Amino acid sequence: MSGTSRRTLRCGELRAQHVGQRVRLGGWVHRRRDLGGIVFIDLRDRAGLVQVAVGPGAPDEVRRVAAGLASETVIDVEGDVTARPANMKNPELATGDVEVQATRLTMLGTAVTPPIPVARGKGEELPAEELRLKYRHLDLRRPEMQGNLMLRHRLLQRARKTLADLEFLEIETPILTKPTPEGARDYLVPSRVHPGEFYALPQSPQIYKQLLMVAGFDRYFQIARCFRDEDLRNDRQPEFTQVDLEASFVGVEDVIGYVEQVLVALWDEAGHAVARPFPRLTWRDATERYGTDKPDVRFDFPIADWTAQVKPLGVPFFQPALKDGARVRGLAVKGGGALSRKDVDQLAEAAKQLGAAGLAWVKRQGEQVSGSVGKHFTPEVLGALGVGDGDAALMTVGPDRVTSPVLDRVRQEIIHRLAPAPQTAHAFCWVVDFPLFEPDAETGRPVFAHHPFTAPHPDDVARLDSDPFACRALHYDAVYNGNELGSGSIRITDAAVQRRVFAHLGMTPAEAEARFGFLLSALQAGAPPHGGFAIGFDRVVMALAGAESMRDVIAFPKTTAARALFEGAPAPANPADLAALHIEVKR
RNA sequence: GGGGCUGUAGCUCAGCUGGUUAGAGUGCCGGUCUGUCACACCGGAGGUCGCGGGUUCGAGCCCCGUCAGCCCCGCCA
């Protein structure tokens, strides 16, 4: 299959079975070892490395070319595949049992000395990320990056096949869409033919896929590129890929079932067996036990409410907050005695940065109790909290909105520092029963926690106006080892309910009509019950590739300042082009 | 928008309390070498210490500003 008119097969595909054959190879000079009388060339392509030998018996022309080959030159080699003598095999190389004795050798593409190395020694540091992005064509040649992108390809194919087998139809939706006032900032595209008007790049195909359900396509999916003009993170790029799906005549169970099948297939593609169904926990339990809506449930190490046990101890650090009705919450750390004073100080510093008053700690060594609030605790009290010999307790006090993120962070840091054995390698879970509203950061007024098309929980619809914060949404998140892999919901299909929701967002009926009239009129045209999900595909690849950064699973990613260093985007526009778009730039 | 870390040879880094001519490994160039696989050995070239300003007799090192990359908070319906 890999053969062409200019090669027999790929370099990395050679095996003992090819011994005796004459082959023609094309590839990049990975490394060259010139021993004088004999030259070895490691020739590389996407399949791997093979050693080409140019010995004293090779034609003079071949020896002359081999002696002058620079790294990363593209060459065309013809030669005989020979078995290596036993003591000259290289077990670290898939092709290490054989080598190619070159009989013909030509340079196809000369290469200047690469500014960053492609071939890297064991333990050698990677070049600065800035340089890796600037010389992306070289960075992408590295076997690690080739492996990441080849895995990404296989996962994409597997997602497609899995959904197609489940009778989902792959349908494309527009990239030039309508700006939306809510949610993330839009990337805007000016219209040439309509002065002063703009398209937006989609933040997700949300409304389109709902329209496809109204149109009767029943099950839709798309490998969708999405765009959000927000500040970036290690796992957030301004353009990213979702495995987006939507289905009709479904409930929460159906959608969760489809998504589990896709995720299990993707993990299988990467060689990991994962059991279904995934465990579920409610949003309330997740935030109570883990302090976050994306808990890492690989570790059975929950946050506990210790208010009842700690309040009677009269610890000065806790008293003022306890008077205001706050709770003391903490973590019983098995083996926490191993945490150094420096560890604890750093944890406390991190806690303060997240708004905690501080982080109180106690260590128990037999009958000895020490720590910042140690003198208030006895072994008996600690035992009741689950803190045994050699363990530690870390705790803080305050409103849940502060203690939850603080203890989430502390819990993650402790897992990182003490590196306990996980109970499972691949811990999926569903977080369900999210609240429909959350308080606005400034006004405290209820605002939608998700997008405004999410259906309220049927048991809570009656409380929509009277007690909005108590209303749950038919919204669910897929979480893997503490990472949110995606979210979805059952949608509102009643136009009247959808109008009420828009009114909740502070939109007048006229505004709702102007912004979402096309959705409202669709819902009145006979809308089936429907719901869906979007899997953050880049995060899936990150997890399965073991990549530290999303940039390592995207061929041409942006920097944290949303720049493309390779091609140099964004860039100032030509004044004539701006004029044609009716745009004047103020600086 | 805010905070932190980093920026010294092509690359990865060291550079003490501010003090003479800024170092190492690797890559590159030249040489020796017939079994290496990060080949080995000998020799050599290579520096706007990110950029701008300031303090000082003197700045890679201290101060201010700025740019870039990375990490985090805000943000991401």
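Values reported hereafter were calculated over all heavy atoms of this structure, with side chains retained and with hydrogens, waters and symmetry mates removed. In this text the structure is predicted, and so the values were computed from the model without any measurement. Throughout, protein chains are lettered first and strands after them, A, B, ... in sequence-line order, and every chain is numbered starting at 1.
Nucleotide B:C61: unpaired (no Watson-Crick or G-U wobble partner with both distances less than 3.5 Å). In this structure B:G47 sits in no base pair that meets the Watson-Crick or G-U test at under 3.5 Å. Partner assigned to B:U26 is B:G10, using Watson-Crick or G-U wobble distances below 3.5 angstrom. Pairing of B:A40, defined by two Watson-Crick or G-U wobble distances under 3.5 Å, is identified with B:U32. Checking B:U21 for Watson-Crick or G-U wobble geometry (two distances, each under 3.5 Å) identifies no partner in any strand.
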Could you list the donor-acceptor pairs under 3.5 angstrom formed between side-chain atoms of residues 511-519 of chain A and any protein atom two or more places apart in sequence or on another chain?
| unit_1 | atom_1 | unit_2 | atom_2 | d |
| --- | --- | --- | --- | --- |
| A:Glu511 | OE1 | A:Thr508 | N | 2.9 |
| A:Arg515 | NH1 | A:Glu182 | OE2 | 3.0 |

Listing, residues 94-101 of chain A side-chain donor-acceptor contacts under 3.5 Å, not counting sequence neighbours, or none:
| unit_1 | atom_1 | unit_2 | atom_2 | d |
| --- | --- | --- | --- | --- |
| A:Thr95 | OG1 | A:Leu49 | O | 2.6 |
| A:Glu99 | OE1 | A:Gln51 | NE2 | 2.9 |
| A:Glu99 | OE2 | A:Gln101 | NE2 | 3.0 |
| A:Gln101 | NE2 | A:Thr82 | OG1 | 3.4 |

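If you take atom C1' in B:U32 and the same atom in B:G25, they sit 23 Å apart, rounded to whole Å. Distance noted for atom P between B:G10 and B:G50: 13 Å (whole Å). Between B:C13 and B:C75, the distance separating the two P atoms is 34 Å to the nearest Å. Taking atom C1' on both nucleotides, B:G60 is separated from B:A22 by 8 Å, rounded to a whole Å. Nucleotides B:G44 and B:G7, compared at atom P, are 30 Å apart to the nearest Å. For the P atom pair drawn from B:G19 and B:A59, the interatomic distance equals 11 Å after rounding to whole Å. Between the P atoms of B:U56 and B:C61, the separation comes to 16 Å (whole Å). Rounded to whole Å, the separation between the C1' atoms of B:U6 and B:U12 comes to 14 Å.
Contacts of A:Asp231 classified as salt bridge (charged side-chain N to carboxylate O under 4.0 Å, His left out), with partners at least two apart in sequence or in another chain: none. Taking A:Asp477 as the reference, A:His475 meet the side chain to side chain donor-acceptor pair (under 3.5 Å) condition, with sequence neighbours excluded. Applying the side chain to side chain contact (heavy atoms under 4.5 Å, CB included) test to A:Phe240 and every residue at least two apart in sequence or in another chain returns A:Cys226, A:Arg228, A:Gln242, A:Asp538. Under the side chain to side chain donor-acceptor pair (under 3.5 Å) criterion, A:His30 pairs with A:Arg44, sequence neighbours left out.
What separates CZ of A:Arg132 from P of B:C11 is a distance of 15 Å, to the nearest Å. The distance between atom CG of A:Leu565 and atom P of B:C67, rounded to the nearest whole Å, is 16 Å. The distance from atom NE2 of A:His416 to atom P of B:C71 is 15 Å, rounded to the nearest whole Å. Computed from coordinates, the A:Glu130 CD to B:G69 C1' distance equals 5 Å when rounded to whole Å. When rounded to the nearest whole Å, the span between OH of A:Tyr187 and P of B:C76 equals 15 Å. One interatomic measurement links the two molecules: CG of A:Asp231 to P of B:G69, which rounds to 13 Å at whole-angstrom precision. As a whole-Å value, the separation of A:Phe566 CZ from B:A68 C1' is 19 Å. A straight line from CG of A:Leu347 to P of B:C72 spans 17 Å, rounded to a whole angstrom.
For A:Val118 against A:Leu138, the heavy-atom pair with the smallest separation is CG2-O, 3.7 Å. The two residues A:Ala111 and A:Ser71 come nearest to each other via the heavy atoms CB-O, 3.7 Å.
The base of B:C11 has none of its N or O atoms less than 3.5 Å from a complementary donor or acceptor on the side chain of A:Arg120. No donor-acceptor contact under 3.5 Å links the side chain of A:Arg228 to the base of B:C76.
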Can you name the atoms? Protein N/O to nucleotides 12-15 of chain B N/O, anything below 3.5 Å, with the distance.
| unit_1 | atom_1 | unit_2 | atom_2 | d |
| --- | --- | --- | --- | --- |
| B:U12 | OP1 | A:Ala128 | N | 2.4 |

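Residue pairs meeting the salt bridge (charged side-chain N to carboxylate O under 4.0 Å, His left out) criterion with at least one partner in residues 483-492 of chain A, sequence neighbours excluded, are A:Glu246-A:Arg491.
Across all strands shown, A:Arg185 has no heavy atoms under 4.0 Å from either base or sugar-phosphate atoms. Using a 4.0 Å heavy-atom cutoff across all strands shown, A:Ala119 reaches no nucleic acid atom at all. At a threshold of 4.0 angstrom between heavy atoms, the contacts of A:Thr559 are confined to the sugar-phosphate backbone, with no base atom among them.
You'll find the side chain of A:Tyr476 stays beyond 4.5 Å of the side chain of A:Ser487, heavy atoms only. Contact of the A:Asn234 side chain with the A:Thr560 side chain is not registered, since no non-hydrogen atoms from C-beta on lie closer than 4.5 Å.
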What is the per-nucleotide protein-contact pattern of nucleotides 30-37 of chain B, from the 5' end, where B denotes a base atom under 4.0 Å from a protein heavy atom, S denotes such proximity for sugar-phosphate atoms only, and - denotes neither? ---BBBBB

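Residue A:Ala184 has its side chain nearest to B:C76 when only B:C11, B:G69, B:C76 are considered.
For A:Arg551, a side-chain nitrogen or oxygen approaches OP1 or OP2 of B:C71 to under 4.0 Å. Proximity of A:Thr113 to the phosphate of B:G27: no side-chain N or O atom is located under 4.0 Å from OP1 or OP2.
Salt-bridge check for A:Asp460 with A:Arg463: passed, with a basic side-chain N closer than 4.0 Å to an acidic carboxylate O.
The 5' end of RNA chain B is approached more closely, in terms of each residue's nearest nucleotide, by A:Ala70 than by the other of A:Glu92 and A:Ala70.
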